[in-house]
Every structure is written in structure tokens, then in C-alpha cells.
2 protein chains.
Amino acid sequence: MNLPPLVQSFVLHFGEMGSRWGINRTVGQIYALLYVSPRPLCADDIVEALGVSRSNVSMGLRELQAWNLVLLRHIPDDRRDHFTTPEDVWQILRVLAEERKKREVDPTLSVLRELLMQTPTSEAERHAQARMAEMHGLIERLTTWYEDVKKLETERLAALLALGAKVTRLLEAKDRVVGLVRGRKEG
Amino acid sequence: MNLPPLVQSFVLHFGEMGSRWGINRTVGQIYALLYVSPRPLCADDIVEALGVSRSNVSMGLRELQAWNLVLLRHIPDDRRDHFTTPEDVWQILRVLAEERKKREVDPTLSVLRELLMQTPTSEAERHAQARMAEMHGLIERLTTWYEDVKKLETERLAALLALGAKVTRLLEAKDRVVGLVRGRKEG
DNA sequence: CCGTGATTTCAGGATTTTCTGAAAGATATG
DNA sequence: CATATCTTTCAGAAAATCCTGAAATCACGG
């Protein structure tokens with residue numbers, strides 16, 4: 001590996017974090033490299049930069065494409081495929097959220113649904129099912145919130161984030177206003 | 001493994017999902033078992049229920065405790081340690097978010113900070129640093145939002161979730177009101 | 001349809017992670 | 001403090017994952 005020190009540190013870090021993020025070292029490194037690269041790279045550029053085998057890069061790129069985290073680009077007058085990451089970090093965030101949900105949450109949600117359909121045949125099962133119902137309820141709340149929020153344009157999403165917990169104040173204000181109006185009408 | 005079918009399906013599913021969630025099969029199964037169990041279990045109960053070695057259970061419990069996902073309980077007149085999961089699923093959600101942030105986000109944030117302190121010595125490094133700054137900015141926004149929101153009591157948090165993207169309407173309403181008031185004062 | 005270069009597949013070797021049994025370490029009790 | 005009971009540690013076996021090089025496949029220009 002022969003990269004500018006800053007880039008190298010970044011790439012190595014992503015490689016190390018890979019296992020915690022559910023991807024392997026090479027995949028993490030490829031992603032990091034593409035993320036900071038000023039132009040799309042072809043597979044051989046990556047082999048060169050990271051010092052791993054060509055086939056490993058091929059598999060890594062395949063996985064990252066499955067994650068929608070890298071995009072195929074064609075460079076005029078070059079037969080080789082080139083790859084980049086989406087430019088916009090917000091876009092990357094969306095993709096990441098979507099894919100993780102798909103892989104880490106949806107399967108559990110569907111298993112829970114299925115198990116909740118069944119009729120318990122003992123006290124133990126009845127209790128277990130009640131616990132599963134709680135979990136299911138929570139996950140469903142979270143996912144509907146997510147489905148809702150992900151439709152927002154980036155600007156609105158950013159505004160919402162910036163607001164943070166202050167939204168609750170807004171909520172209280174709303175309640176007061178609504179209460180006031182009701183009061184007037186009814187009183 | 002000899003468990004009621006409903007429980008068994010749940011436990012096996014958690015075992016399978018384990019690898020996607022960054023824990024191993026046994027840890028996933030132990031968690032699932034404790035989650036649906038109506039009373040705290042001791043290590044040998046778990047060995048019995050899951051059919052894995054005593055030492056494996058010991059290590060699994062240790063890991064789950066490090067995650068704050070299982071709690072040690074003492075049963076009167078029993079020397080053995082017993083274990084449960086937190087009752088409240090919201091509490092579990094909080095713990096999970098906190099721990100994942102600590103493991104999966106914080107290290108990257110600190111590496112990014114460090115790399116952003118350095119002075120780039122080439123155009124390549126300058127560009128890489130700019131990209132890192134974007135990533136850093138996004139992560140920081142997300143984490144401050146998170147720090148903010150995690151302080152909310154469960155009830156408020158639930159209200160916020162239920163509101164979903166509708167908050168933006170509230171935001172718009174607020175903007176209008178503020179605009180109106182300003183308009184009056186200034187016009 | 002041949003040749004060239006790019007890419008993917010895949011079997012098996014290397015590495016990492018998980019799991020086990022045996023032994024050592026705790027801790028309460030008489 | 002000896003014993004019985006419960007827990008943890010740890011070295012190595014077992015399993016899973018990752019990575020490579022060789023071969024196969026693909027895609028395009030001539």
C-alpha cells in the first residue's frame with residue numbers, strides 16, 4: 001500500500017472497523033479509498049493502492065454495489081469499469097440506513113409477525129409471545145417513523161436534526177394553542 | 001435444545017441474526033432466551049436450554065453484560081448468579097443505541113477529528129481531507145441530535161416518533177407564526 | 001468468429017472467530 | 001480453614017470467514 005499518509009490512515013481505519021460494521025477488511029478499505037478519491041477508480045487502481053488480489057477487489061466491489069454504496073461509472077475511451085461512492089454524504093446516509101434496515105431489522109420483524117400469529121399452547125409460550133409483541137410494537141414504531149422521515153428532502157431533514165429535542169417545546173406550544181382554541185370555542 | 005416451539009423459533013432466529021448484528025450465535029441465543037423468559041435464569045438453565053457448553057455461556061453472559069443488555073440478579077437462598085434482560089423495551093433500545101454508537105461510531109469520529117487536524121501536503125490530501133470533513137460534519141450532526149433526543153423521557157420520545165415527518169408541518173406553522181409576529185412588529 | 005483485455009468464479013489455503021473441556025479461581029458455609 | 005458449589009480462564013479443536021491464483025467467462029473490435 002502506497003498512499004498519502006492522511007489517506008492511508010483513513011483507509012486503514014475503515015479496514016479495522018469493517019468487522020464491527022459487518023463488512024470485511026478489504027471491503028472497508030475499498031470503500032474508504034473510493035470515498036476520498038477525487039476521481040473514479042478502476043479495479044486495478046484499487047489493487048495497486050491496497051495491495052490485495054484482483055479477485056478480492058472484484059468481490060469487494062460486488063458487495064459494495066449490492067449495498068448501493070458504490071456506483072459504476074464509465075470513463076470515455078476506457079473499457080474498464082470505474083467506481084465511485086455517491087458524492088452527497090446525506091445520500092450515503094440514506095443508503096446505509098435503508099440497507100441496514102433491510103438486512104438487520106426486516107427479517108426479525110417478519111419472524112416476529114409470524115410467531116405472533118401462532119396460538120400459544122402453554123403459559124410459557126403465552127408469556128414469550130407477550131414479550132415478542134412488545135418487541136414487535138417497538139420495532140414497528142421505529143420503522144414507520146423511519147419510513148416517514150426518509151421521505152423528507154435533505155434540507156428539511158437537516159432542520160429537524162438541528163432542532164433535536166427542542167421539538168418537544170414546539171409540541172408543548174402546539175398543545176397550548178390547540179387547548180386555547182378549544183377552550184374558546186367550548187367555553 | 002428442548003424449548004416450547006414458539007420460544008425455540010425466536011431463539012434460533014436470534015442466533016442466526018447474531019452475525020449480522022455483530023454478536024455470535026450463542027450470544028444471540030442467550031439474549032433471546034432471557035428476553036422471553038418469565039424469570040431470571042442461571043447459567044446452568046441456559047446450558048440446559050441451549051445445549052452449549054458451560055464456558056460458552058459464561059463468555060456469552062460476560063459479553064452481554066458488557067453491552068448492558070443483561071443484568072445480574074440475585075435470587076434469595078440461591079448462590080448462583082441469575083440473569084435477566086431489562087424489562088422495558090424502550091430501555092433496551094436506549095442501551096442498544098448507546099452501545100452501538102460507542103463501538104461503531106465514536107472511534108471513527110475520533111480518527112476523523114485527528115486526521116482533520118493535520119495539514120495536507122498535496123492536492124490529493126487536500127481533497128481527501130475535504131471529504132473527511134463532510135463525513136465528520138454529518139456524523140457530528142447525527143450524534144448531537146442523538147445526545148439531545150436520548151435525554152427525553154420515554155413518553156415524549158414515543159410522541160415524537162408517532163409524529164414522524166409531520167413535525168415539519170409544525171415547523172412550517174412555527175415559521176409562519178414567527179413571520180407574522182415579526183411582520184406586525186416591524187410593519 | 002477470433003483475439004485481446006477486462007472481469008468473475010471458485011477451490012482450497014490462510015486467517016479469524018467461536019466453542020469446548022479441563023483446570024484454576026472465587027465464595028459462601030459449616 | 002476445609003469443603004462444596006459456582007464461575008471464569010484458557011489452550012487448542014472445530015467452524016466460519018476471508019483471500020488468493022488459476023481458470024473460466026464475458027464483451028468488444030476487427
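Keep in mind that the numbers below use all heavy atoms, side chains included, and drop hydrogens, waters and symmetry copies. Numbered from 1 within each chain, the chains take letters A, B, ... in sequence-line order.
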Please check if the side chain of B:His74 supplies one atom and the backbone of B:Leu72 the other of a donor-acceptor pair under 3.5 Å. no

Spell out, as yes or no, whether a donor-acceptor pair under 3.5 Å connects the side chain of A:Arg25 to the backbone of A:Leu12. no

How long is the straight-line distance from [atom2] of [Y] back to [atom1] of [X], given to the nearest 0.5 Å?
X        : Y        : atom1 : atom2 : value
A:Leu61  : A:Glu63  : CG    : CD    : 10.5 Å
B:Arg103 : A:Trp21  : CZ    : CH2   : 15.5 Å
A:Glu99  : A:Lys101 : CD    : NZ    : 10.5 Å
A:Arg39  : B:His127 : CZ    : NE2   : 11.5 Å

Can you pull every protein N or O that's under 3.5 Å from an N or O on nucleotides 13-20 of chain C?
{"from": "C:dC19", "atom 1": "OP1", "to": "B:Thr26", "atom 2": "OG1", "distance (Å)": "3.2"}
{"from": "C:dC19", "atom 1": "OP2", "to": "B:Asn24", "atom 2": "OD1", "distance (Å)": "3.2"}
{"from": "C:dC19", "atom 1": "OP2", "to": "B:Asn24", "atom 2": "ND2", "distance (Å)": "3.4"}
{"from": "C:dC19", "atom 1": "OP2", "to": "B:Thr26", "atom 2": "OG1", "distance (Å)": "3.0"}
{"from": "C:dC19", "atom 1": "O5'", "to": "B:Asn56", "atom 2": "ND2", "distance (Å)": "3.4"}
{"from": "C:dT20", "atom 1": "OP2", "to": "B:Ser53", "atom 2": "N", "distance (Å)": "2.9"}
{"from": "C:dT20", "atom 1": "OP2", "to": "B:Ser53", "atom 2": "OG", "distance (Å)": "3.1"}
{"from": "C:dT20", "atom 1": "OP2", "to": "B:Asn56", "atom 2": "ND2", "distance (Å)": "2.9"}

Relative to each other, are the rings of A:Tyr31 and A:Phe14 parallel, tilted or perpendicular (30° and 60° limits)? parallel

Rounded to whole angstrom units, what separation is found between the [atom1] atom of [X] and the [atom2] atom of [N]?
X       : N     : atom1 : atom2 : answer
B:Asp45 : D:dT7 : CG    : P     : 10 Å
A:Leu61 : C:dA6 : CG    : P     : 15 Å
A:Leu41 : C:dA6 : CG    : P     : 16 Å
B:Glu63 : D:dT7 : CD    : P     : 19 Å
A:Asp44 : C:dT8 : CG    : C1'   : 13 Å
B:Gln65 : D:dT7 : CD    : P     : 11 Å

Between A:Arg62 and C:dT7, is there a side-chain N or O to OP1/OP2 distance below 4.0 Å?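 No, because none of the side-chain N or O atoms of A:Arg62 sits under 4.0 Å from OP1 or OP2 of C:dT7.
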
Any A:Ser58 side-chain nitrogen or oxygen under 4.0 Å from OP1 or OP2 of C:dT8: yes

Begin with the C-alpha distance, continue with both residues' side-chain angles, and end with the deciding distance and a verdict on side-chain contact (heavy atoms from CB on, under 4.5 Å) for B:Arg113 and B:Leu109. CA-CA 6 Å; B:Arg113 263 199 259 278; B:Leu109 201 53; 3.6 Å; yes

For DNA chain D, which residues of residues 70-80 of chain B approach it to below 4.0 angstrom with any heavy atom? B:Arg79, B:Arg80

Report the residues that fulfil side chain to side chain donor-acceptor pair (under 3.5 Å) with B:His13, sequence neighbours left out, ordered by chain and then residue number.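 Listed in chain order: A:Thr108.
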
